[in-house]
Visitor: 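Dropping a structure here in structure tokens format, bear with me for questions.
Lettering follows sequence order; numbering is per chain, from 1.
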Protein chains: 2
Amino acid sequence: MEEKYLQSVKENLKKKGYKLTGPRLAILKYLLRKKGHHSIMDIYEKMRMKNDRIGIATIYRTVDLFLELGIVRVLTINNSKPCFEINWPGDHHHHLICKGCGRIIEFGSCNFIQIVGEIERVTRFSVKEHTLEAYGLCPKCAQKTEDYSTEKI
Amino acid sequence: MEEKYLQSVKENLKKKGYKLTGPRLAILKYLLRKKGHHSIMDIYEKMRMKNDRIGIATIYRTVDLFLELGIVRVLTINNSKPCFEINWPGDHHHHLICKGCGRIIEFGSCNFIQIVGEIERVTRFSVKEHTLEAYGLCPKCAQKTEDYSTEKI
DNA sequence: TATCTTAATGATAAATATTATCATTTGAAT
DNA sequence: ATTCAAATGATAATATTTATCATTAAGATA
């Protein structure tokens, strides 16, 4: 699975005339291994801890390139620093962010085909991608809020 | 309409113990008047040009406060600087961004009630808000792409 | 495999963006 | 009108991002 994906990334790069360098491969593997959402600084610090001599400029450059090639996706929660994740082909998921504890849940393929059709019909755009972020309260935090609201002050 | 909204913002601030100061009102009016999506620097520069003595720190602080109070919404397109817009109550729109020319189209209330219900059922979260960005090509840029693809090289 | 060519890298300087500090101002409660 | 804390603007301090450039290393070629 990952092997196959690495292969496809390699072809993707080559096709556009980019090299599959050590640092690029290392960042890719980092994101594949860690899963989840990682800021530039996350990636940089964690990789440096693993005795990797990588420079931060390379992280910026590589993430930008990966974004352009569709290898990664960016997630910007509220107003904070952008985080990146592997854009697995066929894995069309979205994010549910708890406003209480900040936990991020991924939820699977949304029934969006109809809505996209509607958008295309109304706007005359052709829609290629979409991202959806939902904000709310996880069960625990919802419980807490309820506790507060019934609490005597 | 705007009068009424200003009034509600005033109450919103007061309720939480914040003051309706000159700068806050000025920023709010700027966003109400200009419509669309504005970065921190946009707001700062335009307001300074209008002989406004406002400091940039105040823009940051005020926008953060307005976000927290739900008075504005943030839109972060791809990986660029966040832009802000008035969060009109009842105006639940989303953004369609042309990957060709960067133009942003707003599209109206999406049929999302079912999907939100589904998300809540599966994740046990209670969903309060959601944002949806769609990326694609506007009619003009779609046309251009087609031109290229049929062009002899 | 050794050589060559050029894109890519890492270090770091430079430029931008954001946050913290603090003396002064101002909103609004009294 | 007075009071007082919150808010402001200027700007210093940090943090983030981009640009520069000598060096390195993919990958093409022989």
Side-chain angles (χ1 to χ4, degrees), chain A residues 6-7 9-30 37-69 71-72 74-84, chain B residues 6-7 9-30 37-69 71-72 74-84:
Chain A
L6 280 176
Q7 193 53 38
V9 168
K10 208 165 177 171
E11 281 162 19
N12 194 347
L13 286 169
K14 188 180 279 186
K15 197 168 56 190
K16 304 265 174 48
Y18 297 110
K19 295 174 181 172
L20 181 61
T21 64
R24 283 173 184 168
L25 191 59
I27 292 168
L28 186 62
K29 284 188 171 171
Y30 175 88
H37 316 92
H38 308 276
S39 70
I40 296 287
M41 208 41 86
D42 288 343
I43 301 171
Y44 178 65
E45 285 175 350
K46 300 278 170 52
M47 289 186 76
R48 291 294 288 218
M49 287 202 295
K50 287 241 185 303
N51 67 48
D52 209 327
R53 270 224 153 291
I54 201 161
I56 196 162
T58 299
I59 313 276
Y60 278 101
R61 288 184 289 228
T62 302
V63 164
D64 279 352
L65 177 66
F66 283 1
L67 268 178
E68 190 188 310
L69 298 179
I71 295 166
V72 303
V74 61
L75 172 66
T76 306
I77 289 165
N78 276 324
N79 206 11
S80 66
K81 295 280 162 272
C83 291
F84 305 90
Chain B
L6 280 176
Q7 192 53 39
V9 168
K10 208 166 177 172
E11 280 162 20
N12 193 347
L13 286 169
K14 187 181 281 185
K15 196 168 57 192
K16 303 265 172 49
Y18 298 110
K19 294 174 182 173
L20 181 62
T21 64
R24 284 172 183 169
L25 191 59
I27 292 168
L28 186 62
K29 283 187 171 173
Y30 175 88
H37 316 93
H38 308 276
S39 71
I40 296 287
M41 207 40 88
D42 288 342
I43 301 170
Y44 178 64
E45 284 175 349
K46 301 279 170 51
M47 288 186 75
R48 292 294 289 219
M49 286 202 294
K50 288 240 186 308
N51 68 47
D52 210 325
R53 272 225 152 291
I54 201 162
I56 197 162
T58 300
I59 314 275
Y60 278 101
R61 288 183 289 227
T62 302
V63 164
D64 280 352
L65 177 64
F66 283 2
L67 268 178
E68 190 188 309
L69 297 180
I71 294 166
V72 303
V74 61
L75 172 65
T76 306
I77 289 165
N78 277 325
N79 207 11
S80 66
K81 294 280 161 273
C83 291
F84 305 89

Visitor: Scan A:Leu6, A:Leu13, A:Leu28 and name whichever one has a side chain to side chain contact (heavy atoms under 4.5 Å, CB included) with A:Leu20.
Guide: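 Filter result, single survivor: A:Leu13.
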
Visitor: Rounded off to whole Å, could you give me the CD1-to-P distance for the B:Ile59 and D:dG9 pair?
Guide: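 Going from CD1 in B:Ile59 over to P in D:dG9 covers 8 Å.
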
Visitor: The side chain of A:Thr58 is closest to which nucleotide in this list: C:dA29, D:dG9, C:dG10?
Guide: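 Of the candidates, C:dG10 comes closest.
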
Visitor: Under 4.0 Å from OP1 or OP2 of D:dA10: is there any side-chain N or O of B:Arg48 that close?
Guide: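 Indeed, a polar side-chain atom of B:Arg48 lies that close.
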
Visitor: How many whole angstroms separate atom CE of A:Met47 from atom P of C:dG10?
Guide: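 So the two atoms are 9 Å apart, to the nearest Å.
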
Visitor: CG of B:Leu67 versus P of C:dT18: gap in Å, rounded?
Guide: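 It works out to 13 Å between those atoms.
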
Visitor: Return the value, rounded to whole Å, for the distance between atom CG of B:Leu13 and atom P of D:dA6.
Guide: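 Distance check: B:Leu13 CG to D:dA6 P gives 15 Å.
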
Visitor: Kindly give the heavy-atom pair with the smallest separation between B:Cys83 and B:Ser39, and that separation in Å.
Guide: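 Scanning both residues completely, I find the closest heavy atoms to be SG-N, 3.9 Å.
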
Visitor: For the residue pair B:Glu68 and B:Tyr18, what are the closest heavy atoms and their distance?
Guide: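 Scanning both residues, the minimum pair turns out to be OE2-OH, 3.6 Å.
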
Visitor: If you measure from CE on A:Met47 to CD1 on A:Ile56, what distance do you get to the nearest 0.5 Å?
Guide: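 Spacing of CE (A:Met47) from CD1 (A:Ile56) equals 12.0 Å.
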
Visitor: Mind checking the NZ-CG spacing from B:Lys10 to B:Asn12? Nearest 0.5 Å is all I need.
Guide: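 Answer for the NZ-CG pair, B:Lys10 versus B:Asn12, is 13.5 Å.
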
Visitor: Just the atom pairs and distances: protein N or O near nucleotides 17-19 of chain D's N or O, under 3.5 Å.
Guide:
| unit_1 | atom_1 | unit_2 | atom_2 | d |
| --- | --- | --- | --- | --- |
| D:dT17 | OP2 | A:Tyr60 | OH | 2.3 |
| D:dT17 | O5' | A:Tyr60 | OH | 3.1 |

Visitor: Does CZ in B:Arg48 sit with more than 12 non-hydrogen atoms of other residues, nucleotides or ligands closer than 6.0 Å?
Guide: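 Enclosed.
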
Visitor: Kindly compute the distance separating CD1 (A:Ile27) from OG1 (A:Thr21), expressed to the nearest 0.5 Å.
Guide: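 Taking CD1 in A:Ile27 and OG1 in A:Thr21, the distance rounds to 7.5 Å.
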
Visitor: Nearest 0.5 angstrom please: B:Tyr44 OH to B:Tyr30 OH, how far?
Guide: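 Answer for the OH-OH pair, B:Tyr44 versus B:Tyr30, is 13.5 Å.
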
Visitor: CG/A:Asp64 to CG/A:Leu69 distance, rounded to the nearest 0.5 angstrom?
Guide: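 It is 11.0 Å, given to the nearest 0.5 Å.
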
Visitor: How many Å lie between NZ on A:Lys10 and P on D:dA26, as a whole number?
Guide: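 About 11 Å, once rounded to whole Å.
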
Visitor: Where do A:Val74 and A:Phe84 come nearest, in terms of heavy atoms and distance?
Guide: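 Between these two residues, the closest heavy atoms are CG2-CE2, 3.7 Å.
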
Visitor: Counting neighbours of NZ on A:Lys50 that are heavy atoms of other residues, nucleotides or ligands and sit closer than 6.0 Å, is the number greater than 12?
Guide: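 Result for NZ/A:Lys50: open.
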
Visitor: Under 4.0 Å from any atom of DNA chain D, heavy atoms only: list the residues of residues 15-26 of chain A that qualify, in numerical order.
Guide: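 Result for residues 15-26 of chain A: A:Lys19, A:Leu20, sorted by number.
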
Visitor: Using whole Å, report how far CG of A:Asp52 lies from P of C:dG10.
Guide: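 For the pair A:Asp52 CG and C:dG10 P, the rounded distance is 8 Å.
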
Visitor: Over how many whole Å does the gap from A:Asn79 atom CG to C:dA17 atom P extend?
Guide: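 In whole Å, C:dA17 P lies 15 Å from A:Asn79 CG.
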
Visitor: In this structure, how many angstroms lie between the P atom of D:dA7 and the NZ atom of B:Lys14, rounded?
Guide: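 Roughly 14 Å, once rounded to whole Å.
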
Visitor: Pull out every stem in DNA chain C, meaning runs of 3 or more consecutive Watson-Crick or G-U wobble pairs with both distances under 3.5 Å.
Guide: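 Output for stems: C:1-30 with D:1-30.
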
Visitor: Check whether any side-chain nitrogen or oxygen of A:Arg53 sits under 4.0 Å from OP1 or OP2 of C:dA11, and answer yes or no.
Guide: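 The answer is yes; a side-chain N or O of A:Arg53 sits under 4.0 Å from OP1 or OP2.
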
